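In what follows, a single structure is set out as structure tokens and then discussed.
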Amino acid sequence: MERYYSYDRFLKETFGEKIYKICLNGGFTCPNRDGTISRGGCIFCSEGGSGEYAGDANLSITQQLAVGKAQTDRKYHGDKYIAYFQAFTGTYAPVERLRSLYEEAIRPKEIRALAIGTRPDCLTEEIYDLLEDLNRRKPVFLEMGLQTCHDSTAHFLNRGYETEMFTRAAEECARRHIRVTAHLILGLPGESPSMQAETIQYLNALPVGGVKLSMLHIIKNTRLAELYEQNPFPVFTLEEYAGCVISCIELLRKDIVIERITGDGPGHLLIAPRWSLDKRRVLNTIHHQMKLQDARQGRYCNH
């Protein structure tokens, strides 16, 4: 029995089968790194801009798609894919360049949708118009890093924008029928369980279609790693993380797709928590505890 609205289920409902994402690198940077907002970036963000598994920016998008398909051949024998601009901020460029990259990505018939990782402060009227136009031809899935609804924590993270900006972006995307997924980080320093619950309740009140949950990763060569080395702070154990995820799932609105319940930190850069590298164990622990507790998505949601 499925206890939450999984991404596999969403893909099968939308495309008739499970399909794979091909992670692309459009050669973007981020306003939180290039000096527009800040030069430090979010304190948890790796040097690769969360794109360690994305393609090679030195290759064309067409070449990256070919490489990505070859890499999935070992485990996927279908012929449908999602083109996913994962590294850094995928809408942070002149709209003409974005159109060229996106058009090249969705041109092949086997590409059934376009996914873009971005920030709500990198969405202009022209970019909304572009995404709306593309969405009429193939589904556009916009993934935005929220991490927390609490501006006090966001300031500590050097996120670089107020939560109200995420609210406005989610509402504008909904007005234009563009699906939004929010990225959340659980276990942020200084955040209590009630604060994490408030972030879930904040999402419940927004027109978002999906959420990605991850534990806090401490990655080498980040400001967060420096802080952790100077003054170590508590990091989730596997059991604590499983309990936190289950609490969030039970608070979450039933129609929101839970696209991820664990994170993939690069092993050669990960300082903590090292247990997160065993993804199968993490997933099995969460699913086993949900079964033991008879936990279900939306049990305590009042929306």
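The structure displayed is predicted, hence computed values, not measured ones.
- When side chains are defined from C-beta on, Lys291 counts as touching Arg3, because their heavy atoms get closer than 4.5 Å.
- For the atom pair OG (Ser38) and CZ (Arg159), the distance works out to 14.0 Å, reported to the nearest 0.5 Å.
- In plain terms, the two heavy atoms of Ile218 and Ala225 that are nearest each other are CG2-CA, 3.8 Å.
- In this structure, CE on Met215 lies 12.5 Å from CG on Leu188, to the nearest 0.5 angstrom.
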Verdict with supporting geometry, Glu259 and Phe141, side chain to side chain contact (heavy atoms under 4.5 Å, CB included): CA-CA 12 Å; Glu259 301 184 19; Phe141 303 146; over 6 Å; no
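- Between Glu172 and Arg168 there is no salt bridge, since no side-chain nitrogen of the basic residue lies less than 4.0 Å from a carboxylate oxygen of the acidic one.
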Evaluation steps, side chain to side chain contact (heavy atoms under 4.5 Å, CB included), between Leu283 and Ile261: CA-CA 8 Å; Leu283 293 173; Ile261 58 174; 3.5 Å; yes
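- Judged by distance alone, with hydrogens and angles left aside, the side-chain atoms of Arg299 form no donor-acceptor pair with the main-chain N or O of Ile249 at under 3.5 Å.
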Side chain to side chain contact (heavy atoms under 4.5 Å, CB included) between Tyr128 and Leu123, intermediate numbers included: CA-CA 6 Å; Tyr128 280 124; Leu123 295 167; 3.7 Å; yes
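- Rounding to the nearest 0.5 Å gives a distance of 9.5 Å between OG1 of Thr148 and CD1 of Ile185.
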Glu226/Arg223 under salt bridge (charged side-chain N to carboxylate O under 4.0 Å, His left out): CA gap, chis, key distance, verdict: CA-CA 5 Å; Glu226 293 177 11; Arg223 176 58 180 154; 2.8 Å; yes
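- Under 3.5 Å, the side chains of Tyr202 and His150 contain no donor-acceptor pair of N or O atoms.
- Checking side-chain atoms of Asn135 against main-chain N and O of Val140 turns up a donor-acceptor pair under 3.5 Å.
- In this structure, Lys80 is not positioned above the aromatic face of Phe15 in the sense of NZ or CZ being under 6.0 Å from the six-membered ring centre and within 45° of the axis.
- The two residues Leu270 and Ser276 have their closest heavy-atom pair at CD2-OG, 3.5 Å.
- A donor-acceptor pair under 3.5 Å is formed between the side chain of Gln196 and the backbone N or O of Gly187.
- The shortest distance between side-chain heavy atoms of Thr118 and Phe28 does not fall below 4.5 Å.
- Note that CD1 of Ile258 and CD of Gln297 are 4.0 Å apart. Values are rounded to the nearest 0.5 Å.
- Neither Ile37 nor Tyr161 shares a network with the other; the hydrophobic side chains, linked directly or stepwise wherever heavy atoms of I, L, V, M, F, W or Y lie under 4.5 Å apart, form separate groups for each.
- Between Ile219 and Leu224 there is no side-chain heavy-atom pair separated by less than 4.5 Å.
- Between the side chain of Asn158 and the backbone N or O of Gly41, at least one donor-acceptor pair lies under 3.5 Å.
- When all heavy atoms are compared, the tightest approach of Leu65 to Pro108 is CD1-CG, 4.1 Å.
- Judged purely by atom type and a 3.5 angstrom limit, Thr72 uses its side chain to pair as donor or acceptor with the backbone of Lys69.
- Taking the ring axis of Tyr92 as reference, the NZ or CZ atom of Arg33 does not stay both within 45° of it and closer than 6.0 Å to the ring centre.
- The pair Arg137-Asp133 counts as a salt bridge, with a side-chain nitrogen and a carboxylate oxygen less than 4.0 angstrom apart.
- Side-chain N/O atoms of Asp34 and Thr29 include no donor and acceptor closer than 3.5 Å.
- When all heavy atoms are compared, the tightest approach of Arg119 to Cys30 is CD-SG, 3.8 Å.
- Donor-acceptor pairing under 3.5 Å is lacking for the side chains of Ser60 and Thr62.
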Cys301 vs Lys254, side chain to side chain contact (heavy atoms under 4.5 Å, CB included): CA-CA, chis, key distance, verdict: CA-CA 8 Å; Cys301 176; Lys254 289 183 178 181; over 6 Å; no
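- Side chains of Ser214 and His183 form no contact here, defined as non-hydrogen atoms less than 4.5 Å apart.
- Using a 4.5 Å cut-off on side-chain heavy atoms (C-beta onward), Phe85 and Ile61 make contact.
- Counting all heavy atoms, side chain and backbone alike, Arg74 lies closest to Gln71 at NH2-O, 3.5 Å.
- Across Ile116, Thr91, Val180, a single residue satisfies side chain to side chain contact (heavy atoms under 4.5 Å, CB included) together with Met144, and that is Val180.
- Ring planes of Trp275 and Tyr241: tilted class, angle from 30 to 60°.
- With contacts defined as side-chain heavy-atom distances shorter than 4.5 Å, the pair Pro139/Ile82 does not qualify.
- Residues Val67 and Ile106 do not share a hydrophobic cluster, defined by chaining ILVMFWY side chains whose heavy atoms lie under 4.5 Å apart.
- Phe233 and Phe156 fall within the same hydrophobic cluster, where Ile, Leu, Val, Met, Phe, Trp and Tyr residues are linked whenever their side-chain heavy atoms come under 4.5 Å apart, directly or through other members.
- Leu157 and Met195 are members of different hydrophobic clusters when ILVMFWY side chains are connected at heavy-atom separations under 4.5 Å.
- Considering all non-hydrogen atoms of both residues, Leu114 and Ala105 come closest at CD1-CB, 4.3 Å.
- Looking at Asp8, its side chain never comes within 3.5 Å of a backbone N or O of Lys18 through a donor-acceptor pair.
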Derivation and outcome, salt bridge (charged side-chain N to carboxylate O under 4.0 Å, His left out), residues Arg107 and Glu103: CA-CA 6 Å; Arg107 190 173 298 128; Glu103 291 278 6; 5.5 Å; no
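- Considering only heavy atoms from C-beta on, Gln86 stays 4.5 Å or farther from Lys21 through its side chain.
- Salt-bridge formation is detected for the pair Arg296/Asp294: a Lys NZ or Arg NE/NH1/NH2 atom is positioned less than 4.0 Å from an Asp or Glu carboxylate oxygen.
- Note: Thr262 OG1 to Arg281 CZ = 11.5 Å, rounded to the nearest 0.5 Å.
- Under a hydrophobic clustering in which Ile, Leu, Val, Met, Phe, Trp and Tyr are joined whenever their side-chain heavy atoms come within less than 4.5 Å, directly or via other members, Tyr76 and Ile111 fall into the same cluster.
- Side-chain atoms of Asn32 and Thr89, non-hydrogen and from C-beta on, never get closer than 4.5 Å to each other.
- Side-chain N or O atoms of Gln64 include none that pairs as donor or acceptor with a backbone N or O of Leu24 at under 3.5 Å.
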Audit row: Arg176, Glu125, salt bridge (charged side-chain N to carboxylate O under 4.0 Å, His left out) steps and yes/no: CA-CA 11 Å; Arg176 294 170 181 259; Glu125 192 73 15; 2.8 Å; yes
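- The local environment of CD in Gln293 is crowded, with over 12 non-hydrogen atoms from other residues, nucleotides or ligands closer than 6.0 Å.
- Atom CD of Glu2 has more than 12 heavy atoms from other residues, nucleotides or ligands within 6.0 Å.
- Here the CD atom belonging to Gln201 is positioned 13.0 Å from the CZ atom belonging to Arg253, to the nearest 0.5 angstrom.
- Side-chain atoms of His288 do not come within 3.5 Å of backbone N or O of Asn284 as any donor-acceptor pair.
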